[in-house]
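First the structure, which I've put down as structure tokens, then a few questions once you've had a look.
Below, read A as the first sequence line, B as the second, and so on, with proteins coming before strands; counting in each chain starts at 1. On a predicted model such as this, the values are computed, not experimentally measured, just so you know.
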Amino acid sequence: MAWFMGIDIGSGSSKGVITEDGKLVAYHVLPSKANYRVVAQKLRDELLAKVALPPGDITYTIATGYGGGSVPFSNQQVADIRCCARGISSVFPLVRTVIDVQGMSSQVIRLKEGGQVINFVVSEKCAAGSGRFLEVIANVLRIDLKDIGPLSLKSKNPITFTTGCAVFGESEAISRVSEGISKEDILAGVHKALANKISTLIDRIGVEEQWAISGGGGLNVGLIKSVEERLGIQLLVPPQPQLITALGAAIMAEARGGLIARSEITN
Amino acid sequence: MMSNEKKKRAINRLKTMYPLRNLIDEMYQRGVEASKIGKPTAWSMVNWWEADPILKAMDIEIVYPENYGAVCAAFGAAPAYLDRSDSDGFPTHMCGYARNCIGYAARMKDLGEIPPEAPMGGMAKPILLLASGSLCDARYKWFQALGRYLDAPVWTVEIPHPGVEESFREGAYESAINFMVKELGEFVTFLERLLAKKMDWDKLAEITDDIIKINRLWYEINELRKARPCPMHSRDFWSCMNASLYPAGDPKESLKLYQDMYQEVKDRVENKIGAVAEEKYRLAFAELPPWHDLKIFDELAERGWNFVIESWAYHPPKPIDTSQVSNPLERIAKETYQWFTGSFKGALKAKEYMGYFAYPYLEYARDYQCDGALLHPLLTCRTATNHLMLVQDRLLNKLKIPSLVAEGDIVDLKLFDHADTMRKAETLEEMMDHYRGVRREEGLEW
Amino acid sequence: MTEKERKGLDRVREIYQDRAHRAKELKAEGKQVMGYLCLYPVLEMLTAVDLAPYRILGDMEEPITKADACLPTVVCPFIRSALDLGLKGKYDFLDGVVMAHICDVGEKTSHIWRTYLNPSYFYFIDTPHTVHKAAQQQLKEQLKDFKKTLESFTGRELSLDKLKQAIKTYNRQRALVRELYDLRKPDPPLISGAETLQVMVALMSIPVDEGIDLLRQVISEVKEGKNGPPKKPARLLVWGSIIDNTALIRMIEELEANVVIDDTCVGSRAYFPNVELTDDPLDGLVYRYLVGLKCPRTFRESVFGETKKDYIKDLESRFGYIKDYAKEWNVNGVILQSVRYCDIHGYEVPGLRDYLDHIGLPNIYLEHDYSEAALAPLRTRAQAFLEVIG
Amino acid sequence: MTKVVIMGRDEKICARIVGPTGAEHRRLANKVMEEALEQANLSFNEISCVIATGYGRINVPFADRQITELTCHARGVVSLFPKVRIAIDIGGQDAKGLKISNGKLIDFVMNDRCAAGTGRFLEVIAAALGLKLEELGEISLKSTNRVKISSTCTVFAQQEVIQRISEGIPLEDIVAGLHDAIASRVAKMVKRLKIEPDVVFTGGVAKNAGVVHALKENIGGEILVPDEPLLTGAIGAAILGKELTLKAVAKGETIQRKERRLEEATFFNRGN
């Protein structure tokens, strides 16, 4: 028996998983808050408690994500893009393109079997290309983030955001509200705007079936539908899209840790 | 301790680079000193030495505000100058070098002298602003805008920018050269009036000849970098390019130092000595490097990344024979025009219509057998950014070479994200591995 | 009423709503339509060889998506929008395109356009940056070559006579545009700025002779003066980078102001300079397109070869014509506007404001994102400016 | 924030209301107007003139005139500080610099393109730090070694702040850094007007002692802050309303252009 850990410290939330022989046995999600070290420790404690193991039983730990450098107990830090590709590949082996929508940015990753990255593109450092845009608009409309997806699906006439900036988008939403446009239509509009940004990323690296979505954006049915409509495709949605990167980290830990274990034996 | 030493050795720097770089630094200082004691000084845009030999032959000291922008950025003096430009109403999205210079000029006007805080002795008050119509809008609009602060006249020199196909039409070459020669002639007449002295044509011919020799040699040195492993890293290139790009000092001295460098590089090729310990990946670099974060190249070198070729704009043109041209202005025109159009033949054949800026990267990537490219767009410099998406697309789709975009800026140094670039670099390795296989499958030779 | 019978301003509005309609009709009739970007392609030469010129514009209402895959977002949004429309196939009806070195991003976009859209005919004019004699000669040499490529593309001769004819026709159209602009001199003006802009867009979307007819109808309707704008306290000049959508002008005119004159390239800049009919018509054309067109993309000295610069004299020589406009159209305020990331206009702003302050004309600078919604925040600035000068 | 001031002919304020503005400007305008009338013990018919200003000025269906916040702020500031030459206003939506000469607005600069440099910047980051907006000022004054916030964009500055916290940098130094960031941005913009005393600072952010301090440093001179910095625009609007009314009365006209009713505007219809 060997256990492996993947820790993904994102800008908004932090995710951790433990795998055993390639299978997910425990996961935990916490808001990242201010101190990444603290959240990483807490994540580990919670994960170990769930599987009732002492820390020493974890063969190898890989940290990733925005705060991946602040995980004191990790054996290695790996780029989130690679972890995401490995993670999605473990869930959907036929996926060749994954759209990863995070709080700080969106990225589109093309991969081959086994989850090796063959191309990727990351959105500009602009809130309008990330999940953050949705939050900003949800906030200004005073709607709970988890409700915006379902609500947007009720729209019959989504507005067009003519600006590509979250801050402008906010004032545009305000002025649309005062023009009497429904919140549903505004929300559908912001989903469409983000879907457009994502499709621009896709335009840049080309397309290949099958498709999946990961990251926090994968929890939002409105966004999924907008992307599907915009690109005329079907997105595979993993059961826990926000965990994919952490899962990929654990899977890489298995590969890496397994190697070390073998070399110890041969030595 | 250990790792520090290792880091220092990750890139095997050329020994002959050091004296050349010292010379470049000295040249700058000498220029500043000369201008401070009242020698006529021109502020000039980097002009692919279309105008430099002429200014030198007329004994004008040249300072390059574009370079001075980089100096101010490195010394931390830029933010105050940028603020001044912004508060004088210049839009903030414009070229960082230009805004730095505008702020500097505004402050110099207020004080009536070189601002005391100006790094490296500052830039003396010019008698001439020599703008350039080539490569970017800022390079003449910015000098025109300096009229608010300086009473120096502005002259704009031109290098034509034809389309790839258009450049091969009957008479196009002659017309372009004729245009440049006439304009340079007017410029000389203007300088004679400005300085009340005559051009020394023999001196001009000699300087021009020396500069061309430097460029040939520098070209040959860079040709040697096609070897595996590549003997010279981009960092050595950047350290030395200035003596060829805008030869401000004594060309004969530079020439000697480039000769030494040629020997060292040739020796490395013969003995298969690479610029990095283990050359796992050969890369091209696009546009100006992140000057304040050059250590990233050491980190990448530790991972086996060797930077074997870099931005087109700073490389000397493919050699053409102008030794029989007797009029130095015509010689200058032909050489500088070649700089811009030298790759057009290949571009036309490849049906690539952005014949400079974009196409040369394709040629380089093939000739230098690159595995990948690191593209560094500069956010307030549209000219260094416009073409990079096209480059990225063409490299991948035509040559199966993946690349990485890492944003930065020329003056706002904070824009370059070291950690993010390393994160992407790690991913690029996976891609370079993959595409190596793809190239082999498609019969590309590396 | 059938479409062709519809006259004057109604027809203008129709064309403005669906710019490509007439071009597509012409194409169906067997005429070749030639796209061009900005003001530097020489339209007289296209018309002389029986091509219908059609100006490539952007669309402020259409989000830019496809172009973001080939141009970075830190460049002029107008150019990005135009390229975006091209990549989306909205300019597929064009038989070819003529582009020019208008500015750096315009130049690069020309090459990108050619690379990705591969039009059957493409020509790039490398417009010089200076107006010196040698630069004029260099442009002339290019136009000779341009002529040859047009002839071989169409299989028709571009004869001297036809070229002279085309020059006369265009000058006639230009004179009519002046006449229309003159109708904005009274107070209140007989036609609003927004409507004038629609007329200009329409002219750039149809052949020149049809434009002449249209202008005649519009002028006679405007002279009848039934639906002119009301009298308002402010009479404004709008300066700056391209405006090809009425949103901005409409926003200003919804406030206490009439826009009575512009210095923009879908307006006076495009139509005020005439072509002098020279012995070799190319000479007149070169002069008009290089020296006559007043776009800040071209570098000019107040005196060729001056060795000492006088700032005010320099401003006078660069912007003096704006003072003339202000006098003739009795302007009491200037709105300087530019799309973000437009370098050539950006560098001009402090100098032009210095000049306007110098001649005592109140002014304000507005920068925008070439997007209709992004104009909303500018309303407050424009209104406050009017409150200040009012 | 939505502000209401009701003022008598003598410019004495008889009602002052401040409430948060949501996406639904219109309803709110109505509600706060009713509150203000109650406070002043007046009926709507007794109000001679209603001036609406600010970002949502077009959404006040019962207003007689809409005047920009720039003109209104200038008028309000002049009434409080007759010698003012430069007024700086930082609110939640925008930041403004006003140049005033002889009591009249003659030039202005404004930022509303980006949240950085507005009160919104502080709001967003205070929320990220789990702090109340009102607490920021006091916290920052304890700082001995403020950090430099390098991101200008609010979204990324927020990220940067979180990073600094995790590095163990004291909260007060970070908050002081934020105040400096906003003050230097606004100061840079206002410097376009060529700063001359007296400089007055208004708007919601002027209540934050930390920003006042940072702005003094960045401007390099004294700054006056009114007792109720949030109300300046509304006060100015009321004074302009009074002036317009008196002018109209003198000419024997009325200021009201249309029939005016104070009833709840329906949110989904654009009433006139």
Quick check on Ile364(C) against chain D: is it the side chain, the backbone, both or neither that has a heavy atom closer than 4.5 Å?
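Contact with chain D: side chain only.
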
Are Thr380(C) and Arg57(D) close enough that a side-chain donor and a side-chain acceptor fall under 3.5 Å?
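Yes, a side-chain donor-acceptor pair sits under 3.5 Å.
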
Atom CG of Asn102(D) with >12 non-hydrogen neighbours under 6.0 angstrom
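No - once you tally the heavy atoms of other residues, nucleotides and ligands closer than 6.0 Å, there are 12 at most.
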
Report the distance from atom CG of Leu70(D) to atom CZ of Arg381(C), rounding to the nearest 0.5 Å.
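Leu70(D) atom CG to Arg381(C) atom CZ measures 8.5 Å (nearest 0.5 Å).
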
Exceeds 12 heavy-atom contacts within 6.0 angstrom, atom NZ of Lys309(C)
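For Lys309(C), atom NZ is crowded (more than 12 foreign heavy atoms under 6.0 Å).
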
From Asp107(D) atom CG to Asn363(C) atom CG, the distance as rounded to the nearest 0.5 Å
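Going from the CG atom of Asp107(D) to the CG atom of Asn363(C) covers 8.0 Å.
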
Are more than 12 heavy atoms, taken from residues, nucleotides or ligands other than Lys66(C), located less than 6.0 Å from that residue's NZ atom?
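No.
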
For Asp187(C), look at atom CG and say whether over 12 heavy atoms of other residues, nucleotides or ligands are found less than 6.0 Å away.
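Counting other residues, nucleotides and ligands, CG of Asp187(C) exceeds 12 neighbours.
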
Find the distance between OG1 (Thr71(D)) and CG (Leu386(C)) and round it off to the nearest 0.5 Å.
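One gets 9.5 Å once the value is rounded to the nearest 0.5 Å.
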
Within a 6.0 Å radius of atom NZ on Lys194(D), are there more than 12 heavy atoms belonging to other residues, nucleotides or ligands?
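Correct, the count exceeds 12.
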
Look at the side chain of Glu387(C) and the backbone N and O of Cys72(D), then say whether any donor-acceptor pair between them is shorter than 3.5 Å.
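Judged by distance alone, no pair lies under 3.5 Å.
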
